[in-house]
Amino acid sequence: MNGKGRLLGAAAVGLGALGAGELVAAARGGSMIDGVGRVLADTAPVQVVEATVARAGEHDKETARAGVALGAVATSAALAALPNRWRTPAAALFGAGAAATALRGPNPSMAGALGGLAAAGVLRSGLLRPPSRLRGGLLWAATGLGLLATAETMIRRADERHRELVGRLGPRGAHTPIPEDGFGTEPGLSPLITQTGKFYVADVNSRPPRIDPTQWRLSITGKVAHPLRLSLRDLAEQAVEFDAVMVCVHNIPGSGRAGNARWLGVPLTALFDHAVPESGATRLVTRAIDGYTISIPLEPLRTGEWPGYLVIGMNGEPLPPEHGFPARVFVPGLYGQYTGAKWLTELELSDDTHIDYWWKRGWTREPLFVTPQARIDVASCGTPGSGKHTIAGVAWAPPRGVSAVEIRIDETDWLPVELGAELSPASWRRWRTIIDLPPGDHTIQARATSRSGEVQDPTTRPPFPHGPSGLHTITITA
Ligand SMILES: Nc1nc2c(c(=O)[nH]1)N[C@H]1C(S)=C(S)[C@@H](COP(=O)(O)O)O[C@H]1N2
Ligand SMILES: [Mo]
């Protein structure tokens, strides 16, 4: 076989090793691929993370998984270029490295480690006698793909079983009707409440962790007079419903990393009343099972200036696994990555010494606030030929609320639009207007103003490191 054939043969071995490792990990309830993906997310330079989020958009998780698979195949091809006697030690080193990474990470995984060792074993035997014919190579590749598909099915089944358990045992909201805002249903316009299945998901994991609600307890520890250990049932007894928009710091104007939901949660002030923070406590550290931590200044939470909640339900249902089951902290008005962790294990009242996940990665230590933002959802021609166009969308400025939305045609004057009734100040608000447009191409821009008088900043700025700004701009042809 020629050089190219050998390279492809080694790549096929890589696929076989990946499949074997993933199957071993899946059989133990984990995923080797997701483990490696998480290590990449934790260690990649912030510029690489930002570029990936910007390019992959809401497919970041699939992109990470495909990247890991490609990496495995490329590694195998590279190892095959080594002299024969170096292949065994190289494969062993690779396996030991993979296992150590899986065990050392913030979310240590025995399943991932065993998967890494299995993959290394398969890689070694495959590379010592690499497939020398097309048929051999195809067999390796097909087996690898088959093992990967089997592993994926096992992981999805386990996720499904977990989802059922969550649905059965998790707390539910009151299912009171959502008030109308006067706009009815406008085709294409976001609903007042985002359906849970359409709510954006953003975190550093490929898949949500599975937490058993019967075993789970939330610890409230650190500088408190009365440390607490609370079950989901304890929390459900004190929970209230509230409507609020959650926005990812990566939501550049016009994108979909924002959603409005009816949340079920315990006001943090009630928890502080029970636990009683001591005088040295300055921050609330939220810690999660995935190793993610984010801390929030305590004073504004205690006074209620920042209205924070320990959230256990969403849109009338238990908090779904991808949105943080069993519990998360949410402070409307703070961007998602500063608002508190999903999949909580512990709330620690601490002094200023704690170093947060994102701070370590180059983001600001202090929380970034969601700035007023208007999104254009609809730009349609009402009656063809009339020149009349409906422009509509949503706007937010949590927690104080939106006082005005305006649009601008071809960068001329700002024109006010009609606002729908507000579900709550922390929620997004719908807006709509009908405009006349002469034939041709036109740009439409929208901006929001908050109740505290902050006008949406028109300067285009990327999310890192102080949060995004700019105007949602679209072009329509009349
Ligand atoms: N444990 C944990 N909590 C987390 C994150 C995470 O990676 N791990 N990501 C944060 C970010 S960046 C955002 S935008 C929100 C997203 O919440 P959602 O997926 O429910 O929309 O969760 C936050 N909480
Ligand atoms: Mo985010």
Side-chain angles (χ1 to χ4, degrees), residues 34 37-42 44 46 49-50 52-54 56-58 60-61 64 105-107 166 193-211 216 218 244-252 255-265 284-296 308-315 317-347 356-364 367-370 396 398 428 462-468:
D34 292 353
R38 175 59 200 274
V39 172
L40 291 182
D42 286 346
V46 71
V49 176
E50 290 307 297
T52 310
V53 172
E58 275 154 67
D60 54 346
K61 295 184 192 306
N107 191 13
V166 168
I193 294 287
T194 310
Q195 273 178 38
T196 305
K198 299 209 168 122
F199 202 100
Y200 83 97
V201 176
D203 54 70
V204 294
N205 310 295
S206 292
R207 280 180 247 249
R210 302 179 203 117
I211 300 177
W216 181 82
L218 177 72
V245 61
M246 183 177 294
V247 186
C248 176
V249 74
H250 290 104
N251 189 80
I252 52 171
S255 53
R257 284 177 177 249
N260 202 53
R262 173 156 291 182
W263 310 91
L264 176 70
L284 174 70
V285 181
T286 68
R287 286 184 209 281
I289 200 153
D290 64 341
Y292 181 93
T293 68
I294 192 82
S295 70
I296 309 170
Y309 295 85
L310 182 75
V311 167
I312 54 173
M314 182 178 185
N315 293 342
E317 305 298 317
L319 203 55
E322 62 275 25
H323 293 297
F325 182 84
R328 70 187 300 174
V329 164
F330 176 27
V331 184
L334 302 188
Y335 278 118
Q337 74 177 39
Y338 292 97
T339 208
K342 309 195 267 191
W343 312 296
L344 282 179
T345 53
E346 182 188 355
L347 297 180
D356 296 315
Y357 182 89
W358 289 115
W359 191 23
K360 240 179 339 215
R361 311 296 310 278
W363 285 84
T364 60
L368 291 175
F369 298 92
V370 178
W396 56 80
W428 70 24
F464 183 79
H466 296 294

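Note: hydrogens, waters and symmetry copies are ignored here, and every other heavy atom, side chains too, is used. Sequence positions, counted from 1, serve as the residue numbers for this chain. Read the numbers this way: they start at 1 and go in the same order the structure lists the ligands and their atoms.
Taking all atoms of both residues into account, the shortest heavy-atom contact from Trp216 to Ile211 is CD1-CG2, 3.6 Å.
Partners of Asn251 under the side-chain hydrogen bond (donor to acceptor under 3.5 Å, both in side chains) rule, at least two apart in sequence or in another chain, are Ser255, Gln373.
Look at Asp42 and Arg38 and you find a salt bridge, because one of the NZ, NE, NH1 or NH2 atoms lies within 4.0 Å of a carboxylate O, short of that distance.
Atom CG of Leu40 sits in a crowded spot, with more than 12 heavy atoms from other residues, nucleotides or ligands closer than 6.0 Å.
At a threshold of 4.5 Å between non-hydrogen side-chain atoms, the residues Met246 and Trp396 do not count as touching.
Near ligand 1, residues Phe199, Tyr200, Val201, Ala202, Asp203, Val204, Met246, Cys248, Ala288, Asp290, Tyr292, His323, Arg328, Gly336, Gln337, Gly340, Ala341, Lys342, Trp343 come within 4.0 angstrom through at least one heavy atom.
Annotation: the span from Tyr309 atom OH to Thr339 atom OG1 amounts to 12.0 Å, rounded to 0.5 Å.
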